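The structure appears right after this line, and notes come after that.
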There are 2 protein chains.
Amino acid sequence: MSKDFSTVLRTKGLKNTPTRKAILEVFPEDCKPINAEYIFDRLKKKDINLVTIYRNLDSFEQAGILKRLNLDKGSAYYELTGNHHHHHIVCTNCGSTEEFGAHDIENAINKISKSSLFGAINTHSLELFGVCKKCATVK
Amino acid sequence: MSKDFSTVLRTKGLKNTPTRKAILEVFPEDCKPINAEYIFDRLKKKDINLVTIYRNLDSFEQAGILKRLNLDKGSAYYELTGNHHHHHIVCTNCGSTEEFGAHDIENAINKISKSSLFGAINTHSLELFGVCKKCATVK
DNA sequence: TATCTAATTGCAAATTATTAACATTTAGTA
DNA sequence: TACTAAATGTTAATAATTTGCAATTAGATA
């Protein structure tokens with residue numbers, strides 16, 4: 001069920017290196033967002049330079065393979081660009097995330113985009129912050 | 001028309017220092033978000049330490065005097081916690097911001113909050129990114 | 001009003017996340 | 001197989017923010 005990253009890379013005009021495939025393979029199927037450090041840890045045995053990871057995260061984002069998120073966690077998180085547009089709820093206690101998507105929010109945002117004085121609205125970011133069930137009960 | 005920051009500080013249990021008032025006075029009435037560096041520059045003649053500014057921005061946010069924003073600009077931006085809830089549109093070209101508020105977006109977010117599996121949703125952040133009219137025409 | 005104490009500030013150094021410069025290596029093409 | 005642009009490793013730099021600690025001060029209290 002795992003994605004064919006070689007093809008993805010080729011399609012995007014990016015060279016198909018073992019390092020790149022290794023990085024992309026770290027990304028969870030379920031779109032859970034991860035950061036550079038996490039990838040670095042997971043690939044410790046492969047001895048991949050952290051700088052290379054940063055560089056590739058950037059390339060992948062440019063290419064549209066990854067989406068960069070702003071989860072207020074101090075570092076940038078990325079997720080595989082899935083086929084469904086969604087947002088995240090972040091637990092301010094443990095950092096866990098959950099995704100959600102809602103048509104009425106997207107519609108409302110689109111309406112704003114159209115009526116805005118701005119020349120063009122290209123993207124948006126929306127995150128909810130709260131306390132997840134686990135943290136809420138443990139406390 | 002300018003706010004009485006001494007009272008605000010006292011109310012929040014924060015000591016009423018000249019430094020603090022100076023910092024708060026830098027914040028524009030129109031809620032335009034600013035960052036630590038901007039405040040530092042504006043207060044150069046008062047010779048206030050940048051660390052002190054960072055510390056106070058943090059205290060002020062804790063106290064609810066300021067709101068911290070995530071505008072994808074490399075540093076944290078803050079605005080006076082106004083009485084009206086709103087969000088920002090950020091120009092990805094020049095960094096200028098414009099605010100907007102929309103009831104249907106808030107309502108949709110509230111609905112999500114209620115139906116979420118999360119224990120509690122406390123806050124949310126929503127930013128739109130695009131190119132402002134000025135940048136759109138100049139280009 | 002003088003004194004006291006916790007809160008605040010300044011200063012220097014540390015940390016964290018990220019980027020830059022540059023030499024070396026390698027994937028993909030000719 | 002050779003070539004070249006792209007990718008990688010290494011080291012060092014940068015930007016934003018935080019920490020530790022000593023000196024100062026606001027505001028409470030005697």
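Note on naming: letters A, B, ... go to the chains in the order of the sequence lines (proteins, then strands), and numbering restarts at 1 for each one. Everything numeric here is computed off the predicted structure, so don't read it as measured data.
A76(B) comes within 4.0 angstrom of sugar-phosphate atoms only, judged by non-hydrogen atoms across all strands, and of no base.
Taken together through direct or relayed side-chain contacts under 4.5 Å among Ile, Leu, Val, Met, Phe, Trp and Tyr, L14(A) and Y54(A) form part of one hydrophobic cluster. Follow the hydrophobic side-chain contacts under 4.5 Å out from I48(B) and you reach L66(B) in the same cluster.
Heavy-atom distances under 4.0 Å link DNA chain C to V51(A), Y54(A), R55(A) of residues 48-72 of chain A, given in residue order.
For R20(B) and dT25(D), the CZ to P distance is 15 Å, given to the nearest whole Å. Distance, K15(B) NZ to dC4(C) C1': 11 Å, rounded to whole Å. Residue F40(A) contributes atom CZ, which lies 12 Å from atom C1' of dG9(D) at whole-angstrom precision. The interatomic distance linking I39(B) (CD1) with dA16(D) (P) rounds to 14 Å, in whole Å. A straight line from CG of D41(B) to P of dA16(D) spans 11 Å, rounded to a whole angstrom. Between I23(A) atom CD1 and dA7(D) atom C1' there is a gap of 11 Å when expressed in whole angstrom units. Taking atom CG of N35(B) as the reference point, atom P of dA16(D) lies 8 Å away to the nearest angstrom.
Taking the six-membered ring for Trp and the full ring otherwise, the centers of H124(B) and H85(B) sit less than 6.0 Å from each other.
Listed pair T17(B) / dT9(C) meets the phosphate criterion, a side-chain N or O lying under 4.0 Å from OP1 or OP2.
Toward the 5′ end of DNA chain C lies the nearest nucleotide of E37(A), the other residue of the pair P18(A) and E37(A) mapping further downstream. Along DNA chain D, the nucleotide closest to L14(B) and the one closest to G74(B) are compared, and the more 5′ of them pairs with G74(B).
No side-chain heavy atom of F60(A) sits under 4.5 Å from any side-chain heavy atom of K12(A). For the pair V90(B) and D72(B), the minimum side-chain heavy-atom distance is 4.5 Å or more.
One finds no salt bridge joining R55(B) and D58(B) here, because no Lys/Arg side-chain nitrogen approaches an Asp/Glu carboxylate oxygen to under 4.0 Å.
Remark: H103(B) engages no residue in a ring-ring contact (aromatic ring centres under 6.0 Å, His included) (not counting sequence neighbours).
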